[in-house]
Chemist: 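Handing you this structure, nothing more for now.
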Amino acid sequence: MSIDPVYVHRDSQRLLADPARVIAKLFLPGQELLASGISRADAVVQRLLLLSEDEVSATLAETVADFEDRHRDLPAILRKNFDLVSHRLPDAAELSDHRRALIGAYFTQEYSVESAALLNPSMVAHPDQTGLAPGDLRFIMSARAVGEGHISSIEFRTGVFSPPATIRVDDPGPYLTTADSIPAPISREFVRDSLAHRPDASLADHLLSLLPAQFSADDLELALASVARDQLTRSSTTAIIERIRWIAACNYVLRFPPDLPLAGTVIVPMSPDERQGVEDARFTRFTDDDGSITYYATYTAFDGSQVAPHLVQTDDFRTFDVSQLIGKASRNKGMALFPRRIAGRFFALSRWDRESIDITSSDDLHRWHQAVTVQAPEQPWELIQLGNCGPPLETPQGWLVLTHGVGPMRRYGIGAILLDLDDPTILLGALTEPLLTPTGDERNGYVPNVVYSCGGLIHGEVLLIPYGCSDSSIKFATVELPALMAALLRT
């Protein structure tokens, strides 16, 4: 069993998944046709229309009484879900408010976002640092929540760190709320580049020529209507059109109510390539050359068979712009952005080859084509693969990067490397032994023998690392930064 370095200190508190944290989402019965020739959903609607108003009122009252304390605004949720199925009712506008709400309830289900696990946290300084004791730091922590069907979502927690080792995590509150999603404007050239690797990419040229440089979903559908005749004569056109629709659907904007506590928000899968989850967000507080602050995160979108890298951008953790990334260097999991430009370019950690730590750069944050390997598996604890454990952290000595390595018995450990500030492809130092390996009950969970982080932060002379334990829970460790830097610079 590995022994922690003397400058690493584990906190005793542990954040566990809470299956009572639920959202209410649209529920549709199976869409197969019944013997009567109608769908099950339509059959449910017909049966609901046969209920008397007294039955409707009584059933609605019972339902609201049972569920309203589990949701922030249950009546609004029921109204929204009724609107989503109202096309099944030719006279929907003539229904009573109670019947409309009850129909919404029959097409609503609860989903426990954390029913399986809470893991893989990432941490940044909160934009609001008011009202704190001297030396304290308020933080925002993202976490991967895993629910039924092993579908992952992104949750948030807030708290305060008091050096050298006191971490207070705020009560997240009783409710979780999802965001409204709207389509985002799409770059014509981004779509063109996304299709460049396809053998049928040339088929998209005519369609893209009909679109403005930045186009909306409505612009796209108008252009598609104009080439509809081509689909009758060129069957391959259908495939490229569906791919363009897919790309458009994977770029969107999320908007949460402004009065909602951050810990009451959850980012759930929204696009076609996220059907089975949004995983392992790595947040960084990015300072641009003009001094403006933006919070970025990369995460893994999973559609059930393939993974795709996505980018999240927010200024206030209320509105999130979500977009795809393209290029060879953005393949696979585990991209992490540097917190500022270097020589005018954006930089990121990459693991496009699935086993090494690589550096890539971009002009626009969305295209990542070339990568340089800076560290390959070498030590016994990391021989299977390496990857990052979050965005780089800037220190006077260099870019501090937390890493993960996989060794015998598929045991994960967290290590660290140091990269040159001006040229991060230069490796200045790497720990030969991990900072953290799973010990005691950290070894037991959904995926045993794993410690894993998606990003820590530096405050003063302390490195704070939130980490997931065996894909099941979250713990914290503090590291004495001067001692860690000395160990890195000795290697």
Side-chain angles (χ1 to χ4, degrees), residues 1-11 120-123 164-165 282 284 334 336 338-339 349-351 353-359 372-421 423-439 442-443 449-469 475-491:
M1 181 179 69
S2 298
I3 299 175
D4 293 347
V6 295
Y7 51 82
V8 176
H9 312 281
R10 300 185 194 228
D11 190 76
N120 296 1
S122 171
M123 189 176 282
R282 289 162 159 82
T284 189
F338 281 66
L349 300 167
S350 167
R351 201 189 69 182
D353 66 355
R354 298 191 65 187
E355 63 176 17
S356 304
I357 301 222
D358 308 290
I359 300 294
V372 175
T373 298
V374 296
Q375 188 190 27
E378 180 179 321
Q379 303 298 332
W381 68 277
E382 63 187 23
L383 283 182
I384 291 179
Q385 71 183 42
L386 278 169
N388 71 72
C389 269
L393 302 169
E394 188 167 6
T395 75
Q397 296 91 347
W399 295 107
L400 175 61
V401 177
L402 294 173
T403 66
H404 70 263
V406 185
M409 300 297 293
R410 198 176 176 265
R411 183 176 68 175
Y412 277 63
I414 296 176
I417 60 175
L418 191 67
L419 306 177
D420 185 79
L421 285 178
D423 183 358
T425 64
I426 298 174
L427 180 67
L428 301 178
L431 296 183
T432 57
E433 296 290 339
L435 289 171
L436 294 169
T437 54
T439 62
E442 293 177 353
R443 298 182 61 183
N449 303 306
V450 173
V451 288
Y452 193 92
S453 179
C454 288
L457 60 78
I458 292 173
H459 184 48
E461 294 192 337
V462 180
L463 168 64
L464 174 58
I465 306 175
Y467 62 97
C469 304
K475 292 187 69 176
F476 302 90
T478 55
V479 181
E480 299 168 26
L481 189 60
L484 171 60
M485 301 306 295
L488 283 166
L489 292 170
R490 280 198 302 268
T491 59

Chemist: Drop me the distance from Asp353's CG to Asp358's CG, to the nearest 0.5 angstrom.
Modeler: 5.0 Å
Chemist: Please list, chain by chain and in numerical order, all residues satisfying ring pair (Phe, Tyr, Trp, His ring centres under 6.0 Å) with Phe476, sequence neighbours excluded.
Modeler: none
Chemist: Return the set of residues passing salt bridge (charged side-chain N to carboxylate O under 4.0 Å, His left out) with Glu442 (not counting sequence neighbours), or none when no residue passes.
Modeler: Arg10, Lys475
Chemist: I need the minimum non-hydrogen distance between Gly468 and Pro121, along with the two atoms involved.
Modeler: N-CD, 3.5 Å
Chemist: At their closest point, which heavy atom of Leu484 faces which heavy atom of Ala416, and how far apart are they?
Modeler: CD1-CB, 4.4 Å
Chemist: Taking atom CD1 of Ile414 and atom SG of Cys389, what is their separation to the nearest 0.5 Å?
Modeler: 4.5 Å
Chemist: Find out whether Leu349 and Pro392 are in side-chain contact, i.e. whether some heavy atom of one side chain is under 4.5 Å from a heavy atom of the other.
Modeler: yes
Chemist: Does Leu402 reach the side chain of Leu435, with side-chain heavy atoms less than 4.5 Å apart?
Modeler: yes
Chemist: Using side chain to side chain contact (heavy atoms under 4.5 Å, CB included) as the criterion, list what pairs up with Ala483, not counting sequence neighbours.
Modeler: Tyr7, Glu480
Chemist: Do you know the tightest heavy-atom contact between Pro424 and Ile359?
Modeler: O-CG1, 3.6 Å
Chemist: Heavy-atom distance under 4.5 Å between the side chains of Pro339 and Trp399, does that happen here?
Modeler: yes
Chemist: Give me the atom names and distance for the closest heavy-atom approach of Val450 to Pro438.
Modeler: N-CG, 3.8 Å
Chemist: With a 4.5 Å cut-off on side-chain heavy atoms, are Val374 and Val401 touching?
Modeler: no
Chemist: Are Leu419 and Leu428 side-chain neighbours, meaning at least one heavy-atom pair lies under 4.5 Å?
Modeler: no
Chemist: Who are the side chain to side chain contact (heavy atoms under 4.5 Å, CB included) partners of Gln379, not counting sequence neighbours?
Modeler: Trp381, Glu382, Thr432
Chemist: Is Thr403 close to Leu431 at the side-chain level, that is, under 4.5 Å between some pair of heavy atoms?
Modeler: no
Chemist: Parallel, tilted or perpendicular, judged at 30° and 60°: which one describes the rings of His404 and Tyr412?
Modeler: parallel
Chemist: Rounded to the nearest 0.5 Å, what separates atom CG in Asp4 from atom OG1 in Thr437?
Modeler: 6.0 Å
Chemist: According to side chain to side chain contact (heavy atoms under 4.5 Å, CB included), who are the partners of Ile458, at least two apart in sequence or on a separate chain?
Modeler: Leu393, Thr395, Leu400, Leu463, Leu481
Chemist: Would you give the length of the straight line joining atom CG of Leu418 to atom CG of Leu488, rounded to the nearest 0.5 angstrom?
Modeler: 5.5 Å
Chemist: Side chains of His459 and Leu464: closer than 4.5 Å at any heavy-atom pair?
Modeler: no
Chemist: If I compare all heavy atoms of Pro391 with all of Cys454, which pair ends up nearest, and what's the gap?
Modeler: CD-O, 3.6 Å
Chemist: So, Thr373 side chain and Gln375 main chain: donor-acceptor pair closer than 3.5 Å or not?
Modeler: no
Chemist: Please report the closest heavy-atom contact between Pro377 and Leu383, naming both atoms and the distance.
Modeler: CB-O, 3.7 Å
Chemist: Enumerate the side-chain hydrogen bond (donor to acceptor under 3.5 Å, both in side chains) contacts for residues 384-394, please, sequence neighbours excluded, ordered by first and then second residue.
Modeler: Arg282-Asn388, Arg340-Glu394
